[in-house]
Protein chains: 2
Amino acid sequence: MEVGLREVAALAGVSVGTVSNVVNGRATVAQEYVDRVNDAVMQLGFVRNDAARALRSGTSRTVGMIIPDGNNPFYTSVALGASDAATLNNNIVLVGTSHDEAEREARYVEAFGEQRARGLIIASAGNIHDRLHQFARGGMPSILLDPDVDERFSSVGPDDVLGGRIGVQHLIDTGRRRIGFVGGPMRLRVLTDRLVGANDAISGTNGAVTLEVFETPDRTVLTGRTIGERVLKRPPETRPDALFAMTDLLAIGILQALDAHRVAVPGDISIIGYDDIDFASTTSVPLTSIRQPMEIIGRKAVEMIEAQREGGSKKREHITIEPTLVPRDSTLRP
Amino acid sequence: MEVGLREVAALAGVSVGTVSNVVNGRATVAQEYVDRVNDAVMQLGFVRNDAARALRSGTSRTVGMIIPDGNNPFYTSVALGASDAATLNNNIVLVGTSHDEAEREARYVEAFGEQRARGLIIASAGNIHDRLHQFARGGMPSILLDPDVDERFSSVGPDDVLGGRIGVQHLIDTGRRRIGFVGGPMRLRVLTDRLVGANDAISGTNGAVTLEVFETPDRTVLTGRTIGERVLKRPPETRPDALFAMTDLLAIGILQALDAHRVAVPGDISIIGYDDIDFASTTSVPLTSIRQPMEIIGRKAVEMIEAQREGGSKKREHITIEPTLVPRDSTLRP
DNA sequence: CTGAAAGCGCTAACAT
DNA sequence: ATGTTAGCGCTTTCAG
């Protein structure tokens, strides 16, 4: 049989209201009663029933988060930041992973909606904005991690234009003049944004700096290696003297190819990656990278959820957080 | 104002009981009513209140999972398997990440307990078995991913003895005779188990095979590189002709060191890693690795939870799943 | 096959 | 400061 407030109250010889107050650390209950109640709680192994609590109070303690890929450090770091922020209000973050399956994702959206989660942080696999909107109508704040703005929802994300600018500016500052931009497919908003930033940096420079785009079908290590090989087929004087890879994975592949051919990094060609994954610091030549402000994004998302709850789901915001350069040997060593 | 069964019933012109039946796809409700109810649901944007459902029915749809590290492919793959299994019963898996903080972990244990989760799958950061036991007393099945057996809980995990045996056997089968076992700290149960397996394989061989343990303080790429350098300091004829690394990270570090010194892999020294992370297939020489049956572990864990729920929390089980060898060039290429 | 009504365990308002 | 009590929205008998 389930132990409830009632059983605790009976054992402690007080009323359920008092037990509730003690359990929730509320009001000023006489110390004697507090002790008696706590004893009874221990003795009976009482665990508060959150369903009843949520039903009655109309408020949940969980912030829902849905991500496409559990192994992507970007999302897990966002989750960490979100968890930190949620803890401040005594809430928790629960994560569902869609594994890029629309159906699984929909199940999570539904589940969090039914749980009346405080809000939803979602990096969508497909376009579920409409479905999401259905729940948003019910008052659940939803924050998108998507770069594509949907006016119905708020969003937080990295400033990709700035990221592109920072990367190229660093290459220019370290004396590079023929820069290769490696990434794709170029229909991705993140990438076009970074390209804009890259061109911004070049426009702001006096010297003749060229930017060449190496478009790739994906952003994996293997593809990076292919790009590296392709670059090495060209005569040295027509090669780029710097490669700006849109993921660290690409950068690692490029580095492998250059290593295999004994091309010096950064002596002959310098390399920048993007994301600053753990591996970036442990490659044969440690990789300069652009670090995305992931924890901050997560923290911000939770703050926006709470703000929307208070403000009665008022205005939508679209916030962008600044990435930073993490310089390492792949651009700096002589 | 919140839309409930009542509002839907009013609009559809039926009773709440009927709406409940339709929403849950239960019983045989007249088609006409089904349609009218569904229309009303759409029109009002009704979302079932899970708190009320859970409270009344006394049963939740969520399986809780607590992991120490969101970036560890081991755990995320276990989560995937668990999610697959849960889906079969129309349940979902929600993951909390403790980031190796006991406090965060405790919060999640508590939250899942209060939510009356169907059960808990937990890879513990510290020893929270006692706290866990408190909730288990309340009937919530808890499955440990820990290798250390606690008789109060069931557990599922990889068979590490077998993993160690498979790896060394493969090296012996491919003609190696001086095997290095790289990993540490050796107080970890996983590692001592694997070492037992490694020795098993050697005992079962006629030829004179030696096993040398290279103990490491951790299992990172950098440490792997250090070990690689150390091995290379020895004259070639006294070096191991094969290195069995306890993580792919270690193996990658070793490979980097050998690459840098132009030592042929697997020609001079062959390498096996452990875990078969994504990176294993994309190293300069693709890495042979031991793949842990992570999805299966997750699936099994969920099955055990459901079994315990039905069997009234009867007996505890301790199940072990067989890892497999993933052969690649680092041991096979001539 | 559908409608009416009793609670699930808790919180919060009110009474004492 | 503590006790009493009315629901929160739903599921689930039990009647009709």
Side-chain angles (χ1 to χ4, degrees), chain A residues 1-38 40-41 44-61 90 110-111 113-117 135 138-140, chain B residues 1-38 40-41 44-61 90 110-111 113-117 135 138-140:
Chain A
M1 127 125 211
E2 174 93 3
V3 178
L5 239 39
R6 210 161 29 212
E7 284 71 29
V8 176
L11 180 58
V14 299
S15 74
V16 291
T18 301
V19 177
S20 174
N21 284 334
V22 172
V23 168
N24 293 287
R26 229 177 300 130
T28 46
V29 181
Q31 188 57 46
E32 186 197 339
Y33 283 9
V34 173
D35 294 342
R36 281 209 331 240
V37 169
N38 282 332
V41 165
L44 297 173
F46 167 75
V47 175
R48 188 174 52 180
N49 185 324
D50 189 57
R53 219 216 47 150
L55 175 59
R56 178 62 233 237
S57 68
T59 162
S60 159
R61 307 268 82 179
N90 219 36
E110 222 157 88
E114 294 185 355
Q115 286 184 16
R116 300 291 188 273
F135 291 96
M140 189 172 67
Chain B
M1 133 121 210
E2 174 94 0
V3 178
L5 239 38
R6 209 162 30 213
E7 285 71 29
V8 176
L11 180 59
V14 299
S15 74
V16 292
T18 301
V19 176
S20 174
N21 284 332
V22 173
V23 168
N24 293 287
R26 228 177 303 130
T28 47
V29 180
Q31 187 58 45
E32 185 197 339
Y33 283 9
V34 172
D35 294 341
R36 286 217 317 250
V37 168
N38 283 331
V41 165
L44 297 173
F46 167 75
V47 175
R48 188 174 51 182
N49 186 323
D50 190 57
R53 219 221 62 208
L55 175 58
R56 181 60 234 237
S57 69
T59 162
S60 158
R61 307 268 81 180
N90 221 36
E110 221 157 273
E114 294 185 355
Q115 287 183 14
R116 300 292 187 272
F135 291 96
M140 191 172 67

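Residue numbers start from 1 in every chain, and the chains themselves are labelled A, B, ... in the order their sequence lines are given, proteins ahead of strands.
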(request) List the atom of A:Ala9, the atom of A:Val16, and the distance in Å for their closest heavy-atom pair. (result)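 Closest approach of A:Ala9 to A:Val16: CB-N, 3.8 Å.
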
(request) Using a 4.0 Å cut-off on protein heavy atoms (strictly under), produce a 5'-to-3' string for nucleotides 6-16 of chain D with B for base contact, S for backbone-only sugar-phosphate contact, and - for none. (result) BBBBBBB----

(message) With each end axis built from five pairs of C1' atoms, what bend angle do you get for the helix from C:dC1-D:dG16 to C:dT16-D:dA1? Round to 10°.
(response)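 If I round to tens, the end axes sit 40° apart.
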
(request) Nearest whole angstrom, please: distance from the P of C:dC10 to the CD of B:Glu114. (result)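 Nearest whole value for this atom pair: 10 Å.
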
(request) Using whole Å, report how far CG of A:Leu44 lies from P of C:dG9. (result)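 It works out to 14 Å between those atoms.
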
(request) Mind checking the CE-CD spacing from B:Met140 to B:Gln115? Nearest 0.5 Å is all I need. (result)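 Going from the CE atom of B:Met140 to the CD atom of B:Gln115 covers 10.0 Å.
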
(request) For a side chain to side chain contact (heavy atoms under 4.5 Å, CB included) with A:Phe46, tell me which candidate from A:Val3, A:Asn38, A:Leu11 qualifies. (result)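 Only one option passes, and that is A:Val3.
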
(request) Report the residue from A:Asn24, A:Leu5, A:Val41 that forms a side chain to side chain contact (heavy atoms under 4.5 Å, CB included) with A:Arg48. (result)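 Option passing the side chain to side chain contact (heavy atoms under 4.5 Å, CB included) with A:Arg48: A:Asn24.
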
(request) For B:Glu114 and B:Ala111, indicate whether the former's side chain and the latter's backbone hold a donor-acceptor pair under 3.5 Å. (result)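 Judged by distance alone, no pair lies under 3.5 Å.
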
(request) Ignoring hydrogens and angles, tell me if any N or O in the side chain of A:Arg53 forms a donor-acceptor pair with the backbone of A:Thr59 under 3.5 Å. (result)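 Side chain of A:Arg53 to backbone of A:Thr59: a pair is present.
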
(message) I'd like to check the salt bridge (charged side-chain N to carboxylate O under 4.0 Å, His left out) partners of A:Arg56; sequence neighbours left out, ordered by chain and number.
(response)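 None.
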
(message) The test is side-chain contact (heavy atoms from CB on, under 4.5 Å); show your working for B:Val47 and A:Arg116 and say whether it passes.
(response) CA-CA 9 Å; B:Val47 175; A:Arg116 300 291 188 273; 3.5 Å; yes

